[in-house]
> 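Sending over a structure as structure tokens; questions will come in a sec.
Reminder, nothing fancy here: chain letters follow the sequence lines and each chain counts from 1.
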Number of protein chains: 2
Amino acid sequence: MDETEKLQTHRRGSGVSTVYETLRNEIIELKLPPGSPIDEQQLSDRFALSRTPIREALVRLAAEGLITTLTNRATIVSNIDFLGLPEFFDALTLMYRVTTRLAATNHTEGDIAAIRVQQKAFEIAVTNRDVLGMISTNRDFHIAIAQAGRNRYYVELFTRLLDEGRRILRLYYSSFNDVLPRQYVGEHEEMIQAIINRDVARADSLASAHADQIVGQIRSYITADSRQTAGLAL
Amino acid sequence: MDETEKLQTHRRGSGVSTVYETLRNEIIELKLPPGSPIDEQQLSDRFALSRTPIREALVRLAAEGLITTLTNRATIVSNIDFLGLPEFFDALTLMYRVTTRLAATNHTEGDIAAIRVQQKAFEIAVTNRDVLGMISTNRDFHIAIAQAGRNRYYVELFTRLLDEGRRILRLYYSSFNDVLPRQYVGEHEEMIQAIINRDVARADSLASAHADQIVGQIRSYITADSRQTAGLAL
DNA sequence: TGCCGACTTCTTGTCGACAATAAAAATACA
DNA sequence: TGTATTTTTATTGTCGACAAGAAGTCGGCA
């Protein structure tokens, strides 16, 4: 993976966004696993840029909490904070609910179309058993809903939470089973209907249940007892 | 105000935090009003630092939305988005409620002490009719509550919202009257009691009412009809 | 006089080099 | 042989200078 991203024709100031987005994706997709050291010089070589714009991108990532800089020493990809997981679940659930409620209230026809596109993509990922695709299209689906809700503060926080969720899910994605995703498709469909009908109460309860599903799923992965040698005779 | 902040003994890497915090405060306190141009060279002179660390601080501020960079042209203090005010009020109210609820559930004795300190400071500002002090101690009071709730996501968002609120309030602070702040002191006191009693429902409804108060106050300032020449004979 | 284009200037974006700091390695000592 | 101390090394933080882009200025042309 040492191919230098050779975009010789850097439009002035475009490089830093490229670096930012590239790294951001690689962090969320766990190509750069938590704890990975981030070497400025190395990135400088890779993107054929000076260290200055690289640094700028890193500062942005640090502001989002995606990387952690140990002053004067090193900067690493932030670890997933398992101790803070309850907080994460609480905030995630609240954002699921709030954004879906607002979508039911504020959506336009264009929003519905956008949501349907994402739902379709999610469905395809499910039929293809493309677990990675499922994780990211599920995120896009809910962000589309959030955007229909028209509240940038919620969109921003929700995006951060969902992306953090993507990191966690990728850690466990091997154990994805088949029945749950199918169920999600149905739940998504119901949510879309509730939004279209502007039924806030139903949108809320569906979002709440959906959040519980997902939180429960993550919880079960994390607490899964995989001590396969526990039962052996001693 | 052209006195150069002469901290000759910069501990390596401390300078950028100083710049960040100083500018952040000046923006929130409207010493740098919305739309003010931010000149890197000028800041470089003022803080006796090279443009590089200045730039780093600016990137951080931009990530928080406090400044806006027009690419290749200029960077200015972000304008207050009056069109987005409904979103702001909605998010603010939600955060008031959520953080107060969580505080009722999760607080420790130390948290209560910290909250009381801020409440006292707010009271003093009220008795002194120190409007600017009221605005900032009120913020600190609610952040203390949020911290007692132990959810960093909410603390972060709430802090951003309250700081944005400080900017808005400062725009209108001249019209602060006397009765409202006194009322706030009482409401704060009730909130503390509800938190101590771990009465989530009451904490919620108090927070909700308190939020409505403040939102209503801001709204009334903004929509206040101050066309003093409207009635003149023509 | 009014509009279009080259030029100037000012600010931002980028670069390569240097300084400081902390970890790691090497050395001295008990 | 183990520990404390010095030296080395690698990486970050900072600097001054240069390049590029955009707004404003000036001059030429219809």
> Check this for me: does the side-chain of B/Arg12 come within 3.5 Å of the base of D/dT12 through a donor and an acceptor?
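Such a pair is found, so the answer is yes.
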> Going by the salt bridge (Lys or Arg N to Asp or Glu O under 4.0 Å) test, which pairs reach into residues 75-87 of chain B, not counting sequence neighbours?
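Found A/Arg152-B/Asp81, A/Arg152-B/Glu87.
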> Look at all strands and tell whether A/Glu40 reaches a base, only sugar-phosphate, or nothing, counting heavy atoms closer than 4.0 Å.
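Touches sugar-phosphate only.
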> Strictly below 4.0 Å, N to O, side chains only: are A/Asp163 and A/Arg160 in salt-bridge contact?
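No, A/Asp163 and A/Arg160 are not salt-bridged.
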> Who are the salt bridge (Lys or Arg N to Asp or Glu O under 4.0 Å) partners of B/Glu64, not counting sequence neighbours?
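B/Arg24.
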> Using the side-chain heavy atoms of A/Thr75, tell me which of these nucleotides is nearest: C/dC15, D/dT12, D/dT14.
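Ranking C/dC15, D/dT12, D/dT14 by closest atom to the A/Thr75 side chain puts D/dT12 first.
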> Give the nucleotide from the list C/dC15, D/dC15, D/dT12 with an atom nearest to the side chain of B/Thr52.
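Of the options given, the side chain of B/Thr52 lies nearest D/dC15.
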> Collect all protein-nucleotide pairs involving nucleotides 22-25 of chain C in which both atoms are nitrogen or oxygen and the distance is under 3.5 Å.
from	atom 1	to	atom 2	distance (Å)
C/dA23	OP1	A/Arg73	NE	3.2
C/dA23	OP1	A/Arg73	NH1	3.2

> Both A/Arg51 and B/Asp39 contact DNA chain C. Which one's nearest nucleotide lies toward the 5' end?
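So the residue in question is B/Asp39.
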> Using a cut-off of 4.0 Å on non-hydrogen atoms, how would the nucleic acid contact of A/Ile38 be classed: base, sugar-phosphate, or nothing?
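It contacts sugar-phosphate atoms only.
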> Is a salt bridge present between A/Glu26 and A/Arg46, judged by a nitrogen-to-oxygen distance below 4.0 Å?
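Answer for the salt bridge query: yes.
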> Applying the side chain to side chain donor-acceptor pair (under 3.5 Å) test to B/His188, which of B/His142, B/Glu123, B/Gln118 qualifies?
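With B/His188 as partner, side chain to side chain donor-acceptor pair (under 3.5 Å) holds for just one option, B/His142.
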> Rounded to whole angstroms, how far apart are CD on B/Gln41 and C1' on C/dT11?
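Atom-to-atom, B/Gln41 to C/dT11, this comes out as 9 Å.
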> Pick out which of B/Tyr154, B/Phe141, B/Phe158 makes a ring-ring contact (aromatic ring centres under 6.0 Å, His included) with B/Tyr96.
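Answer after filtering B/Tyr154, B/Phe141, B/Phe158: B/Phe158.
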